Amino acid sequence: MKFVMLLYVTLLCLTYFILGVTDGLSLPQVPSHTCVIGAGYSGLAAARYLKEYGINFTVFEAAKDVGGQWRFDPRVGTDEYGVPLATSQYKYLRTNTPRQTMEFNGFPFPEDTPSYPSGSCFSKYVRKFAKDFGLLDDIQLLSYVTSVKRVGSHWDLIYNYSPDNSNYTVHCDNVIIANGQYVQPVVPKFAGLDTFRGTVLHSHDYRDPCHYKGRKVLLLGAGASGLDLSTQLVEVADKLVHSHHLEYNQPNYPENYIKKPDIKGFVANGVVFVDGSFEEVDTVIFATGYNFGQPFLDESSGLTTTGKYVLPLHRNIVNIMHPTMFVIGVVNKVITRLLDAQGQYAASVIAGKFKLPTQDQMLKIFFEHLFTLPTIKNSKTINVNLVVEMDKYFADLSEEAGVTRVPPVMTDIRDFNAINRLEDLLNYRDYDYEVIDDFSYKRWYNPRNETCNIEE
Ligand SMILES: Cc1cc2nc3c(=O)[nH]c(=O)nc-3n(C[C@H](O)[C@H](O)[C@H](O)COP(=O)(O)OP(=O)(O)OC[C@H]3O[C@@H](n4cnc5c(N)ncnc54)[C@H](O)[C@@H]3O)c2cc1C
Ligand SMILES: *[C@@H]1O[C@H](CO)[C@@H](O)[C@H](O)[C@H]1NC(C)=O
Ligand SMILES: *[C@@H]1O[C@H](CO)[C@@H](O)[C@H](O)[C@H]1NC(C)=O
Ligand SMILES: *[C@@H]1O[C@H](CO)[C@@H](O)[C@H](O)[C@H]1NC(C)=O
């Protein structure tokens with residue numbers, strides 16, 4: 001018995017000694033290569049830290065330019081090579097959250113930019129970030145990742161290079177998945193939809209309100225996209241029939257706006273609602289949200305994915321089964337800046353800046369976290385990737401990994417904006433915000449035309 005105790009203590013000391021020695025190193029001892037999937041906000045944020053920490057990496061991006069959702073493309077469906085277009089950006093889009101909650105760490109917009117910049121201004125900002133941080137040389141455009149497989153102690157990533165339509169295999173020691181969370185449009189099924197003779201689309205393929213001039217449009221949903229599209233469509237459509245059950249301060253729309261309850265079914269020339277009423281329409285727009293999707297992920301990754309969740313992840317980032325894989329952005333109800341913090345966390349693990357808990361410990365933390373989630377308690381959905389207390393999440397990332405602390409004021413602005421948007425849908429963007437310190441901000445009415453002084 002004594003001997004066993006002694007052995008145990010010796011082992012503990014040895015472990016401590018070894019850890020103590022390796023702790024001081026901030027770079028992996030063997031040359032390693034990190035593959036990042038996607039050059040949207042998340043992939044670029046991660047790349048910036050990888051570069052800063054001296055890690056070799058390549059970003060694989062399917063599109064012809066960086067920016068992800070912020071890249072406007074007038075086309076819908078697929079690009080000239082048949083690769084699905086990831087962007088849902090449309091004309092006249094302005095951010096629905098103050099830019100202060102969306103800025104990359106230490107990379108503010110020019111001060112004179114309104115707090116709710118246009119999509120094109122945000123797109124400039126993201127491209128400028130990639131350029132200023134010297135990331136462009138490490139980004140491989142037109143490279144659509146089709147498979148990521150665990151092979152031995154590394155990952156084999158296969159991508160299709162659009163210009164020569166050839167498949168290439170890359171050996172990656174680490175993989176950061178940053179392919180966006182708005183990838184697979186959710187299209188609900190309705191009785192009779194196949195008999196409807198008009199145009200049917202998802203908001204993912206909405207580009208320009210002028211396409212709906214004089215149309216009789218049915219818009220389904222009042223999430224961020226549904227509400228935003230309602231404000232654009234009501235201006236141009238002959239009539240806008242809006243089916244939703246959001247309780248909010250509906251603007252004083254003109255008479256061409258008709259609010260309706262849930263849909264019962266479709267007929268050739270229109271739609272019937274659950275209250276029995278009928279509206280003639282020629283266009284249906286489903287603003288019904290998106291599912292996650294990592295179609296390239298092989299079973300060997302050890303992750304379980306559905307359109308609604310990815311598990312098991314430590315801190316909603318690290319693949320617990322193989323902690324050399326990281327997923328960014330599969331969390332809900334958060335600010336964009338959080339994606340930057342997740343990127344820094346992933347890069348910090350890769351650079352050996354801190355040591356992850358053991359697999360057992362991570363699983364324990366994962367399960368403890370799981371059973372605190374309201375979504376699990378009331379078992380409505382299995383949304384395991386929900387971040388309920390965002391500020392605590394930021395505190396945890398900083399404490400565990402030294403990630404730059406996103407100050408509480410960002411969470412406060414997010415919370416205020418989420419409510420204010422529903423109270424004042426047509427004017428909430430006419431306010432400017434200024435962050436005063438980590439805990440306070442001011443906000444004032446300042447309607448104006450946009451200035452976007454970003455030189456590319
Ligand atoms: C219409 C719309 C408006 C939004 N407005 C706001 C807003 O106002 N405020 C806010 O905070 N958030 C907003 N968001 C959320 C927005 O998604 C985030 O701000 C942020 O852009 C997410 O960045 P990302 O890099 O995670 O994903 P994305 O921007 O989607 O980038 C993912 C990138 O990965 C690439 N990719 C995907 N699959 C592959 C593959 N297999 N191989 C290679 N590359 C691949 C894509 O081409 C894309 O470039 C909005 C989202 C949408 C859809
Ligand atoms: C980066 O790659 C180069 C060339 O392959 C290698 O010499 C170097 O050690 C690598 N650095 C790291 C930190 O992995
Ligand atoms: C590339 O891989 C895809 C499968 O992802 C396959 O369908 C296609 O035929 C391959 N192309 C070539 C040129 O080998
Ligand atoms: C915005 O610009 C338009 C012309 O482009 C001008 O008519 C309008 O007065 C400007 N509005 C403000 C608030 O500056």
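Remember, predicted model here, so these are calculated numbers, not experimental data. Each ligand, and each atom within it, is numbered from 1 in the order the structure gives.
The cationic group of K353 lies under 6.0 Å from the six-membered ring centre of Y53 and within 45° of the ring axis, placing it in a cation-pi geometry.
Look at E80 and R75 and you find a salt bridge, because one of the NZ, NE, NH1 or NH2 atoms lies within 4.0 Å of a carboxylate O, short of that distance. At a threshold of 4.0 Å, the pair K51-D138 counts as salt-bridged, since one of the basic side-chain nitrogens sits closer than that to a carboxylate oxygen.
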Report each N/O pair between ligand 3 and the protein that falls under 3.5 Å, naming both atoms.
unit_1   : atom_1 : unit_2 : atom_2 : d
ligand 3 : 2 (O)  : N167   : OD1    : 3.4
ligand 3 : 2 (O)  : N167   : ND2    : 2.4
ligand 3 : 11 (N) : N167   : ND2    : 2.9
ligand 3 : 14 (O) : N167   : ND2    : 3.3

May I have every N or O pair linking ligand 1 to the protein at under 3.5 Å, one per line with atom names and distance?
unit_1   : atom_1 : unit_2 : atom_2 : d
ligand 1 : 8 (O)  : N96    : N      : 2.7
ligand 1 : 8 (O)  : N96    : OD1    : 3.0
ligand 1 : 9 (N)  : T97    : OG1    : 2.7
ligand 1 : 11 (O) : T97    : OG1    : 3.3
ligand 1 : 11 (O) : T336   : OG1    : 2.7
ligand 1 : 12 (N) : T336   : OG1    : 3.3
ligand 1 : 19 (O) : W70    : NE1    : 3.4
ligand 1 : 19 (O) : T336   : OG1    : 2.9
ligand 1 : 21 (O) : W70    : NE1    : 2.9
ligand 1 : 25 (O) : Y41    : N      : 3.1
ligand 1 : 25 (O) : S42    : N      : 2.8
ligand 1 : 25 (O) : S42    : OG     : 3.4
ligand 1 : 26 (O) : S42    : OG     : 2.6
ligand 1 : 29 (O) : Q69    : N      : 2.8
ligand 1 : 41 (N) : V145   : O      : 3.0
ligand 1 : 42 (N) : V145   : N      : 2.9
ligand 1 : 44 (N) : A62    : N      : 3.1
ligand 1 : 47 (O) : E61    : OE2    : 2.6
ligand 1 : 49 (O) : E61    : OE1    : 2.6
ligand 1 : 49 (O) : E61    : OE2    : 3.1

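Each of R405, R337, R414 was scored for a salt bridge (Lys or Arg N to Asp or Glu O under 4.0 Å) with D391, with one residue passing: R405.
Looking only at atom types and distance, the side chain of T58 has no donor-acceptor partner in the side chain of Q140 under 3.5 Å away. For the residue pair E400 / H314, a side-chain donor-acceptor distance below 3.5 Å is found, with atom types taken as modelled.
Checked against salt bridge (Lys or Arg N to Asp or Glu O under 4.0 Å), E235 has no partners two or more places apart in sequence or in another chain.
Checked against a 6.0 Å centroid threshold, the rings of F104 and Y41 count as neighbours.
Evaluation of the side-chain hydrogen bond (donor to acceptor under 3.5 Å, both in side chains) test over residues 172-190, restricted to residues two or more places apart or in two chains, returns T34-N174.
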